[in-house]
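Note that the structure is predicted; figures quoted are calculated from it, not measured.
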Amino acid sequence: MATSTSLRGSSSRSTMLAAALLLFLSTSAVAQLDVGYYSKTCPHVEEIVRQEMLGILKEAPTLAGPFLRLHFHDCFVRGCDASVLIDSTDVTNNPAEKDAPPNKSLRGFGAVQRVKDRLQSACPNTVSCADVLALMARDAVVLAGGPTWPVALGRRDGRVSIANETNQLPPPTSNFTRLSKMFAAKGLDAKDIVVLSGGHTLGTARCVSFTDRLYNFTGANNPSDVDPSLDAAYMDKLKSHCRSLADNTTLAEMDPGSFLTFDAGYYRLVAKRRGVLHSDSALLEHPTTRAYVERQATGLFASEFFRDFAESMVKMGNIGVLTGSQGEIRSKCYAVNK
């Protein structure tokens with residue numbers, strides 16, 4: 001028995017040491033990021049990205065939300081290393097992240113390459129695709145009327161992208177317990193969950209990501225099998241828009257009437273039980289996130305949300321970054337260098 005206890009203690013210490021080492025390595029990498037990282041090698045990087053973003057969003061204003069989502073989906077798998085942008089070399093036998101089910105609805109890949117091409121012309125093989133994504137996400141929010149934040153630069157691009165690893169992405173069906181565990185694994189807490197969920201004020205969701213709430217909540221597959229946590233009047237409205245359980249093409253606005261503008265309106269919807277996704281409704285399950293939703297739902301503290309969102313985006317943008325000699329600077333965001 002004494003030997004068993006000793007072994008358990010040794011195992012526990014090893015786990016703690018491994019976690020401490022991981023934290024040290026992560027902190028070390030983040031310390032190498034710098035807002036002025038390209039000040040000598042590509043001094044106009046932010047200006048170039050902003051100019052391109054102005055043109056892109058003028059042509060396709062609905063891409064603001066997808067750019068934010070691309071950055072989120074990138075950072076939650078292998079860290080913010082632009083692995084989400086890599087094309088599969090063999091979709092059947094070796095699919096990349098972008099061909100995994102959670103990423104099938106991602107948009108904006110061509111626009112990311114457009115920005116990268118412009119930077120390649122100005123500063124060849126200098127600015128990483130990971131930094132391009134981070135800057136584009138920030139500018140998408142700003143140009144939609146949201147807050148700005150300093151983007152520390154110097155991320156390197158990863159050389160690996162594996163579809164199965166997208167199981168690290170919180171699915172839209174998540175309850176709060178699951179959200180909490182998956183965000184905690186990336187160093188993000190309950191406040192980050194509720195604040196980053198506020199990004200749903202931009203963009204749309206495919207009906208199939210929430211139609212089980214309308215038609216098949218418990219698996220009974222009958223018209224009365226609905227999610228009781230969803231406002232009944234709003235459910236009827238969603239049903240008139242998403243007409244079947246398997247509707248994989250119709251898009252629903254996450255913040256109806258305001259989905260192109262970054263504001264705090266999302267929280268008013270969630271407080272009224274009108275959040276589109278399970279994960280939106282899940283914010284009402286925990287006292288911390290529920291209190292934040294209710295405070296923002298008053299409409300009196302939008303500036304506070306803007307500040308919090310900026311802070312959480314900085315935290316998210318630092319997840320698992322590659323720096324120094326790690327990774328590479330891809331010349332094409334959709335393919336690793338040869």
Distance check, rounded to the nearest 0.5 Å: [X] atom [atom1] versus [Y] atom [atom2]?
X	Y	atom1	atom2	result
Leu57	Phe67	CG	CZ	6.0 Å
Cys129	Asp157	SG	CG	4.5 Å
His71	Leu135	NE2	CG	9.0 Å
Thr148	Phe309	OG1	CZ	11.5 Å
Leu202	Glu253	CG	CD	11.5 Å
Leu119	Thr126	CG	OG1	9.0 Å

Side chain [X], main chain [Y], donor-acceptor under 3.5 Å:
X	Y	result
Gln168	Glu165	yes
Gln113	Gly110	no
Asp212	Leu245	no
Asp280	Leu277	yes
Ser174	Ser279	no
Ser161	Ser83	yes
Lys98	Val84	no
Asn103	Leu106	no
Asp74	Asp81	yes
Asn94	Thr89	no

Taking all non-hydrogen atoms of both residues, which atom of [X] and which atom of [Y] are closest, and how far apart?
X	Y	result
Ser128	Ile329	CB-CD1, 3.7 Å
Ala82	Ala130	CB-N, 3.6 Å
Asn167	Met182	O-CE, 3.2 Å
Val127	Cys42	CG2-SG, 3.9 Å
Asn337	Arg159	O-NH1, 3.2 Å
Ser331	Asn125	CB-OD1, 3.7 Å

Strictly below 4.0 Å, N to O, side chains only: are Asp247 and Arg206 in salt-bridge contact?
no
Check ion pair Asp231-Lys272 (N to O, under 4.0 angstrom)
no
Audit row: Phe301, Tyr292, ring pair (Phe, Tyr, Trp, His ring centres under 6.0 Å) steps and yes/no
CA-CA 10 Å; Phe301 305 100; Tyr292 193 93; 9.6 Å; no
Side chains of [X] and [Y], heavy atoms from C-beta outward: is any pair under 4.5 Å?
X	Y	value
Val276	Tyr234	yes
Pro171	Arg178	yes
Glu52	Asp139	no
His73	Thr166	no
Cys123	Val45	no
Thr62	Arg107	yes
Leu214	Leu230	yes

Can you tell me which residue among Arg213, Arg274, Arg273 is in a side-chain hydrogen bond (donor to acceptor under 3.5 Å, both in side chains) with Ser281?
Arg213
Any pair counted as disulfide (SG to SG under 2.5 Å), so long as it reaches residues 231-264, sequence neighbours left out
Cys207-Cys242
Neighbour count >12 (heavy atoms, 6.0 Å) for atom CG, Asn164
no
Steps toward side chain to side chain contact (heavy atoms under 4.5 Å, CB included) verdict (Asp189, Thr288):
CA-CA 10 Å; Asp189 58 23; Thr288 298; over 6 Å; no
Passes side chain to side chain contact (heavy atoms under 4.5 Å, CB included), His286 versus Ser180? Steps please.
CA-CA 10 Å; His286 187 275; Ser180 183; over 6 Å; no
Donor-acceptor pair between Asp263 and Thr201 side chains, under 3.5 angstrom:
yes
Distance only, no hydrogens: is a donor on one side chain within 3.5 Å (strictly under) of an acceptor on the other, for Thr250 and Arg243?
no
Count I, L, V, M, F, W, Y as connected when their side-chain heavy atoms are under 4.5 Å apart, and connections chain through other members. Are [X] and [Y] then in the same cluster?
X	Y	answer
Leu322	Leu153	no
Phe72	Phe306	yes
Met53	Phe262	yes
Met316	Trp149	yes
Met313	Phe305	yes

Quick one: do Tyr37 and Leu33 satisfy side chain to side chain contact (heavy atoms under 4.5 Å, CB included)? Show the steps, please.
CA-CA 7 Å; Tyr37 184 82; Leu33 300 183; over 6 Å; no
Starting from the C-alpha separation in whole Å, work towards a yes-or-no answer on side chain to side chain contact (heavy atoms under 4.5 Å, CB included) for Gln296 and Val194.
CA-CA 11 Å; Gln296 288 301 324; Val194 67; over 6 Å; no
For Asp131, run the salt bridge (Lys or Arg N to Asp or Glu O under 4.0 Å) check against Lys116, Arg138, Arg156, Arg155 and tell me which one passes.
Arg155
Can we call the ring centroids of Phe176 and Phe183 under 6.0 Å apart?
no
